[in-house]
4 protein chains.
Amino acid sequence: MKKLSIGIIGAGRIGKIHADNLLRLPGVEVSIVADLFADDALQEWANARGIAQVTKNSDDVIKHPEVDAIFICSLTDSHVPLIQAAAQAGKHIFCEKPISMDIHQTKAAIEAVKAAGVKLQVGFNRRFDHNFKRVREWVEEGKLGDPHIIKITSRDPNPPQENYIEKSGGLFMDMAIHDFDMARFLSGSDVVEVFARGAVLVDPVFAKYGDVDTAITTLTFSNGAIGVIDNSRQAVYGYDQRVEVFGSKGSVSANNDFPNTAEISTSEGIYRDKPLHFFLERYNEAYIEETRKFIESLRNDTEIPATGNDGYQAELIALAAKLSHRLGKPVRIAEALQLAEEVRV
Amino acid sequence: MKKLSIGIIGAGRIGKIHADNLLRLPGVEVSIVADLFADDALQEWANARGIAQVTKNSDDVIKHPEVDAIFICSLTDSHVPLIQAAAQAGKHIFCEKPISMDIHQTKAAIEAVKAAGVKLQVGFNRRFDHNFKRVREWVEEGKLGDPHIIKITSRDPNPPQENYIEKSGGLFMDMAIHDFDMARFLSGSDVVEVFARGAVLVDPVFAKYGDVDTAITTLTFSNGAIGVIDNSRQAVYGYDQRVEVFGSKGSVSANNDFPNTAEISTSEGIYRDKPLHFFLERYNEAYIEETRKFIESLRNDTEIPATGNDGYQAELIALAAKLSHRLGKPVRIAEALQLAEEVRV
Amino acid sequence: MKKLSIGIIGAGRIGKIHADNLLRLPGVEVSIVADLFADDALQEWANARGIAQVTKNSDDVIKHPEVDAIFICSLTDSHVPLIQAAAQAGKHIFCEKPISMDIHQTKAAIEAVKAAGVKLQVGFNRRFDHNFKRVREWVEEGKLGDPHIIKITSRDPNPPQENYIEKSGGLFMDMAIHDFDMARFLSGSDVVEVFARGAVLVDPVFAKYGDVDTAITTLTFSNGAIGVIDNSRQAVYGYDQRVEVFGSKGSVSANNDFPNTAEISTSEGIYRDKPLHFFLERYNEAYIEETRKFIESLRNDTEIPATGNDGYQAELIALAAKLSHRLGKPVRIAEALQLAEEVRV
Amino acid sequence: MKKLSIGIIGAGRIGKIHADNLLRLPGVEVSIVADLFADDALQEWANARGIAQVTKNSDDVIKHPEVDAIFICSLTDSHVPLIQAAAQAGKHIFCEKPISMDIHQTKAAIEAVKAAGVKLQVGFNRRFDHNFKRVREWVEEGKLGDPHIIKITSRDPNPPQENYIEKSGGLFMDMAIHDFDMARFLSGSDVVEVFARGAVLVDPVFAKYGDVDTAITTLTFSNGAIGVIDNSRQAVYGYDQRVEVFGSKGSVSANNDFPNTAEISTSEGIYRDKPLHFFLERYNEAYIEETRKFIESLRNDTEIPATGNDGYQAELIALAAKLSHRLGKPVRIAEALQLAEEVRV
């Protein structure tokens with residue numbers, strides 16, 4: 001059987017993680033890696049992994065005759081043109097989230113993909129997390145009956161650097177977008193209305209960029225369920241990622257992961273270590289799994305587990321959340337879309 | 001030392017519980033019980049407890065020369081006139097929640113209490129729950145730094161009867177009012193804005209009375225924190241009462257209480273029994289404690305742990321929540337008060 | 001229906017607890033209390049509870065014409081003669097554990113009870129604990145299949161005073177006897193062999209009286225299962241009372257009880273309060289329940305839930321454990337009995 | 001820096017795992033693999049990993065001029081001669097447990113290692129488990145004060161095949177040996193006496209080979225602590241691996257690992273998935289870590305974390321346990337050694 005050949009555009013932290021995860025899969029090879037800042041260190045990194053070609057030019061990846069699929073791990077700005085070019089070149093695509101920060105561009109990218117008949121997976125790694133997957137399974141099996149309330153807690157251990165904040169697109173587009181996708185994933189339903197209440201409580205620097213560091217977002221789903229997400233840029237005790245789905249027949253919740261199960265009891269009380277601190281520790285396995293599933297979908301021509309539309313919907317919710325926070329009122333998805341249309345020009 | 005003499009108005013379930021809890025306290029006697037429907041069974045119940053007098057007339061309690069304090073456990077409609085009469089008679093007052101369903105009446109009652117210089121405690125029993133008390137202690141000690149996010153889950157095991165729903169004042173005033181008080185208690189702050197999203201997902205009967213059975217309510221506090229409460233009238237697995245306070249230095253959460261700690265592991269998985277099902281089981285101890293604290297406040301002339309103003313504030317939040325749900329937009333407390341003023345006539 | 005009349009012999013801590021628990025039961029009255037050191041304080045205590053008579057003479061209880069059943073809560077030394085006298089007087093008996101420290105005396109007491117046709121319950125309160133009861137239920141329902149391994153952890157928060165140690169009968173007879181009964185209760189089987197390894201690790205004062213403060217005891221049951229109990233006189237984190245039954249189809253365990261479920265997460269880790277510290281907190285409910293069940297057995301003439309034989313068997317195991325520790329080898333119950341016979345004279 | 005070159009003898013399941021773990025380490029290469037049953041499949045396996053040489057002859061590994069260290073993963077019978085030959089050839093050695101089933105042979109092997117001045121690590125992978133490592137850290141830091149009681153639960157999910165049972169050396173030597181090492185690791189002390197009570201409760205086939213499938217083993221440590229291990233060949237709910245160390249200042253315990261944290265609450269109760277089922281899942285990370293630590297010890301010439309003496313001591317305890325079970329009495333380590341000496345010839 002011919003090996004699946006993968007090209008990677010963008011060799012930052014996440015690009016390299018995908019490369020390593022791909023290299024562990026049988027029947028998969030990484031043929032080429034492009035990075036604007038490709039240097040000797042990157043070349044060495046590629047050599048150690050038997051990756052044949054390193055380039056500064058993303059076109060080399062897109063036009064590579066052997067490459068079957070491209071992982072787009074470059075800056076968000078570049079996602080849409082790269083998706084369009086890759087689609088036109090007939091390559092399947094794995095693209096990091098968000099597809100773009102402009103909902104129209106995202107739509108254009110998805111249409112290009114559709115037109116070319118290639119597959120597109122968006123990097124919603126949390127769908128592949130062992131805990132959330134199990135919650136989704138139980139929901140799907142009907143164990144909870146009809147979902148009534150979806151709850152997501154999503155808190156980062158540390159706020160990002162100021163230069164990251166500046167270009168991040170804000171808490172809703174940059175951070176909560178994962179949770180918006182999770183809300184759709186867990187409820188099995190689209191969102192129709194959003195109310196977001198944000199606050200700057202962690203660091204005033206967020207206010208400087210019109211951003212918030214703390215937020216509570218209420219969601220109304222098309223299937224009638226309601227949901228709430230709470231976000232913070234700083235949970236001093238570590239990466240806090242929990243979900244709960246409450247329904248007519250029961251409730252299912254997933255707690256954090258911990259580095260160990262040891263617990264100490266003394267005259268002072270009972271103590272255990274904090275949850276895993278870093279998203280790469282917590283979602284290490286999920287990154288492997290999303291790559292595996294993407295490859296599997298290509299190989300068997302089966303459904304992609306996190307589609308372009310999933311990316312688009314999550315961005316729409318983020319847009320509505322941003323607008324809701326700015327306008328101080330609930331915003332319907334249709335309304336957000338219309339407002340986006342109006343400010344387009 | 002002279003015994004503290006207590007009179008009880010309203011000998012339904014909760015009135016009887018208070019009586020039994022009072023009778024366990026040293027130096028306290030229950031001298032008289034009034035109930036509109038006083039009958040032989042009540043007389044017998046009183047005899048078995050050495051309660052000297054049973055009457056149909058609440059005035060007999062209010063005018064009783066020995067009585068130091070009155071427990072008002074009658075229907076909500078009667079609370080305000082009884083508070084006013086008891087205050088005028090110079091009796092201290094313990095009143096079940098809510099004080100009334102009319103915010104102006106509640107205010108009038110509180111003013112009567114103030115004018116008379118008596119003490120008034122409102123029956124927010126959950127403040128005395130072993131779990132929530134511990135959470136509050138840690139918050140007060142500054143263990144969490146500044147509070148950023150308050151989260152409350154409050155779900156009943158079963159919806160009430162239709163005739164109860166009809167006169168309940170609705171989910172926000174009848175059920176969530178406990179959670180609104182809990183939010184103020186845990187955050188140590190007043191609420192300035194409310195956004196409530198309600199839904200009828202459990203039983204269409206709620207719609208018949210313009211009520212909801214499921215709700216997510218976002219709160220903005222005067223100290224900058226934000227909060228969220230999720231309510232359901234039916235959690236099939238039992239009484240679900242959990243809280244979390246997340247702050248700049250950490251987070252504290254309280255889980256449900258369970259009937260036992262036994263856990264069984266089989267080839268099917270791991271299983272344990274459901275949480276306590278009924279509010280009287282879960283808050284049994286809290287009812288005892290709130291009574292004890294009330295008596296202690298009277299005896300030592302110290303601060304009441306759940307004041308008239310606490311009752312008033314919780315009702316204001318409930319009012320704002322109701323309005324928010326109706327209007328489909330966030331409602332500021334000041335705005336709710338003004339709207340209430342306008343509809344007053 | 002005539003009230004059941006109870007007499008109490010021995011009004012120390014546990015006698016008073018039983019009195020209060022009895023007084024809460026409908027249709028039960030405490031008619032008389034005897035205590036060698038009866039004084040004004042005891043008289044006042046009795047008055048406050050409507051107990052008609054206080055005496056220094058236990059015979060007044062035994063011969064009291066109205067008394068149906070007697071609670072024997074006096075020093076261990078006095079148990080056997082009191083049981084014999086009470087039985088002869090046709091009174092039902094509740095006796096604190098152990099019945100005696102001499103296995104022959106215990107047997108004699110049981111025979112007197114049998115001859116008189118009265119009921120005898122031994123104060124193995126832990127059988128009525130909400131956690132252990134649930135474990136036993138699952139075992140009885142066959143949820144675990146055949147029991148293979150019984151594990152009991154039983155550690156006191158603090159060692160007793162030296163004068164208590166001196167007369168306690170030693171760790172096995174005084175403390176582990178509860179666990180020996182629990183082992184029989186959980187396994188549904190008698191013990192045939194014991195191996196005990198004790199150590200003095202907490203306080204050298206135990207060595208002074210030939211006693212130990214730490215022990216691991218292996219049990220072999222007649223149904224083939226094996227079991228192990230670990231005891232310590234000092235668990236600085238509180239009263240540690242856990243059990244586990246492992247069988248062919250699964251395992252069931254019961255954890256400690258805690259004063260609350262609150263849990264705090266900070267940059268230092270996750271912390272919760274210690275388990276309940278004191279046996280009266282932990283077993284408060286169990287004491288009430290054992291009294292209730294005793295009264296129920298009398299009223300309905302049903303089986304006693306902790307019989308004289310249960311007391312005898314637990315003492316036999318304690319005796320075998322003591323001998324095993326002394327001899328440094330496993331001791332069969334039959335062998336222990338024979339040795340006891342030989343040293344009898 | 002020159003790469004460390006590793007040779008592997010025995011390419012069964014565990015040999016292959018070690019190979020893959022070694023290949024992930026920077027600066028390490030696997031140069032040669034020997035297996036008595038080397039075939040095309042093994043050659044292919046080696047090719048895919050860039051392992052230069054595959055052989056049937058273990059001598060090719062021992063005499064390989066480049067090889068720095070040898071992993072001995074062959075049958076237990078072959079361990080001692082291979083250790084002796086490898087030591088003589090000046091190779092460092094990693095040997096799977098047990099070193100041998102004959103305590104004298106084990107001693108001879110250790111002496112050969114000492115004479116040659118090479119390093120020897122024994123495959124006690126559990127020392128590297130994230131949970132037990134954390135327990136050990138807390139013990140070492142003195143958080144628990146002096147250890148009083150060590151408790152280990154170690155139960156396999158399924159019994160082995162009959163042909164494995166036949167040659168396994170029995171429960172104590174084959175299975176509990178890991179726990180004997182864990183007991184020494186956690187207590188930081190040698191064992192001086194053993195009492196083992198075994199039973200055949202899972203499957204009569206164990207009796208056929210004079211073996212047991214269930215056991216409780218009491219240990220006495222040279223530092224005064226006492227310990228207990230319970231073993232079963234069949235825990236239907238999965239791989240059960242828990243420890244507890246109880247000391248003068250507190251207690252620390254480690255629970256099992258689970259595939260996820262999801263928990264479902266319904267009207268039936270609360271349910272979660274079973275613990276990880278298989279030792280390769282549970283100890284996957286520990287296998288990686290023990291290899292990493294071995295390589296680190298070689299590179300920095302630092303202490304081996306699980307030495308030949310650790311292997312020897314665990315075997316001695318297993319021997320004493322076996323004898324104790326057979327003789328029906330506690331056996332001191334010195335006594336076991338002497339008995340082994342006597343039956344030698």
Side-chain angles (χ1 to χ4, degrees), chain A residues 3 20 23-24 26-27 44-45 48-50 128-139 141-145 186 241-276 281-282 284-286, chain D residues 3 20 23-24 26-27 44-45 48-50 128-139 141-145 186 241-276 281-282 284-286:
Chain A
K3 282 201 168 186
D20 278 334
L23 288 166
R24 281 191 203 172
E44 208 172 312
W45 174 89
R49 280 155 182 81
F128 306 89
D129 175 67
H130 53 164
N131 297 335
F132 305 149
K133 234 180 5 184
R134 193 70 177 107
V135 172
R136 176 59 189 152
E137 275 169 30
W138 277 329
V139 173
E141 291 167 10
K143 289 272 171 66
L144 313 177
L186 293 178
Q241 301 275 301
R242 290 170 288 150
V243 306
E244 181 180 355
V245 182
F246 169 80
S248 56
K249 291 188 188 162
S251 190
V252 55
S253 61
N255 196 1
N256 287 309
D257 282 340
F258 290 82
N260 62 68
T261 64
E263 206 173 68
I264 180 166
S265 303
T266 70
S267 58
E268 303 299 311
I270 298 188
Y271 168 91
R272 73 172 299 186
D273 287 333
K274 295 180 286 184
L276 295 178
E281 283 173 287
R282 164 65 190 264
N284 173 39
E285 193 196 317
Chain D
K3 284 199 168 187
D20 278 334
L23 288 166
R24 281 192 201 172
E44 210 173 308
W45 175 89
R49 282 156 180 80
F128 306 88
D129 175 67
H130 53 162
N131 297 335
F132 304 149
K133 233 177 11 182
R134 194 68 177 108
V135 172
R136 175 61 190 150
E137 274 168 32
W138 277 329
V139 174
E141 291 167 11
K143 288 273 171 64
L144 311 178
L186 294 178
Q241 300 274 302
R242 291 170 287 151
V243 306
E244 181 180 355
V245 182
F246 170 80
S248 55
K249 292 187 186 164
S251 189
V252 55
S253 60
N255 196 0
N256 287 310
D257 283 340
F258 289 82
N260 62 67
T261 65
E263 204 174 68
I264 182 165
S265 304
T266 72
S267 59
E268 303 300 311
I270 299 187
Y271 168 90
R272 72 171 302 185
D273 287 332
K274 295 179 285 183
L276 295 179
E281 285 173 286
R282 164 65 190 265
N284 174 37
E285 193 195 315

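What you are looking at is a predicted structure, and each value in this text was computed from that prediction instead of being measured. Below, read A as the first sequence line, B as the second, and so on, with proteins coming before strands; counting in each chain starts at 1.
In this structure, A/Glu281 places its CD atom where more than 12 heavy-atom neighbours from other residues, nucleotides or ligands lie under 6.0 Å away. Within 6.0 Å of atom CD in D/Glu137, more than 12 heavy atoms from other residues, nucleotides or ligands are found, so the atom counts as buried in its surroundings.
Of the atoms belonging to D/Ile270, not a single heavy atom falls under 4.5 Å from chain A.
Proximity of A/Glu263 to D/Val252: side-chain heavy atoms (C-beta onward) are nowhere separated by under 4.5 Å. Contact annotation: the side chain of A/Thr266 never approaches that of D/Lys249 to less than 4.5 Å [non-hydrogen atoms, C-beta and beyond].
Comparing A/Phe246, A/Phe132, A/Trp138, A/Tyr271 by heavy-atom pairs within less than 4.5 Å of chain D, the highest count is held by A/Trp138. Contact tally against chain A (heavy-atom pairs below 4.5 Å) for D/Ser251, D/Gly247, D/Gly250: the top residue is D/Ser251. Between chain A and the options D/Arg242, D/Arg134, D/Glu244, the largest number of non-hydrogen pairs under 4.5 Å is found for D/Arg134.
For D/Asn284, the side chain to side chain contact (heavy atoms under 4.5 Å, CB included) partners two or more places apart in sequence, or in a different chain, are D/Ile288.
The CG atom of A/Asp20 sits 10.5 Å away from the CZ atom of D/Arg24 when rounded to the nearest 0.5 Å.
Residue-level contacts of residues 253-262 of chain D with chain A, in order of numbering, are D/Ser253, D/Ala254, D/Asn255, D/Asn256, D/Asp257, D/Pro259, D/Asn260, D/Thr261, D/Ala262; threshold 4.5 Å between heavy atoms.
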